[in-house]
Amino acid sequence: LEGHPDVYLQRQGSLFWLCATDTAALAEQTLPIRSIGALPDTRGYAKLFQHCLKDGIYLPPSPFEVGFLSAAHKPDHIAALAQSLRNFQR
């Protein structure tokens, strides 16, 4: 994520999850082996969750869960998520 070199948004099909950048080098066919929850600042995901929630975006409550995109999500929803992630400050 821009401005957060230690956080990476990874996806497989309609599933997405946040993880440490060291998993970015893995093949896209693999699932993450290390979640953002395993980073030294384990409160980082909780801060991100609360930030997005204030923006009206409900991420999975645990860094060990995935999010899903569906046909119910319109381009405006995805743009709002992207903007919220860009605006996140630790």
Side-chain angles (χ1 to χ4, degrees):
L1 297 171
E2 287 181 32
H4 302 284
D6 57 342
V7 179
Y8 181 73
L9 181 70
Q10 192 162 344
R11 69 171 189 84
Q12 183 67 37
S14 65
L15 288 106
F16 68 92
W17 59 94
L18 298 169
C19 53
T21 55
D22 59 8
T23 62
L26 297 175
E28 287 197 10
Q29 293 80 15
T30 62
L31 293 175
I33 56 172
R34 184 172 156 201
S35 166
I36 190 174
L39 293 172
D41 176 12
T42 57
R43 294 173 293 197
Y45 187 84
K47 290 177 183 178
L48 175 63
F49 175 84
Q50 291 299 322
H51 166 80
C52 288
L53 195 59
K54 288 177 184 173
D55 285 346
I57 297 163
Y58 189 79
L59 291 175
S62 165
F64 301 102
E65 297 178 55
V66 298
F68 297 88
L69 291 178
S70 74
H73 295 103
K74 306 298 180 208
D76 289 349
H77 297 125
I78 297 167
L81 169 61
Q83 188 61 48
S84 183
L85 293 174
R86 280 189 210 100
N87 292 341
F88 174 61
Q89 299 293 319
R90 287 187 182 204

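Quick note: numbers below take in every heavy atom, side chains included, and nothing from hydrogens, waters or symmetry partners.
Remark: Ile57 CD1 to Leu85 CG distance equals 7.0 Å, nearest 0.5 Å.
Among residues two or more places apart in sequence or in another chain, the side chain to side chain contact (heavy atoms under 4.5 Å, CB included) test is passed with Gln83 by Arg86, Asn87. The side chain to side chain contact (heavy atoms under 4.5 Å, CB included) check on Ile78 picks up Leu69, with sequence neighbours excluded.
Here the shortest heavy-atom pairing between Ser84 and Cys52 reads OG-SG, 3.4 Å.
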Stepwise, does the side chain to side chain contact (heavy atoms under 4.5 Å, CB included) test hold for Glu65 with Trp17? CA-CA 7 Å; Glu65 297 178 55; Trp17 59 94; over 6 Å; no
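Between Phe49 and Pro61, some side-chain heavy-atom pair lies under the 4.5 Å cut-off. The shortest side-chain heavy-atom distance between Leu59 and Leu53 does not fall under the 4.5 Å cut-off.
Ring centers of Phe68 and Phe16: at least 6.0 Å apart, outside the cut-off.
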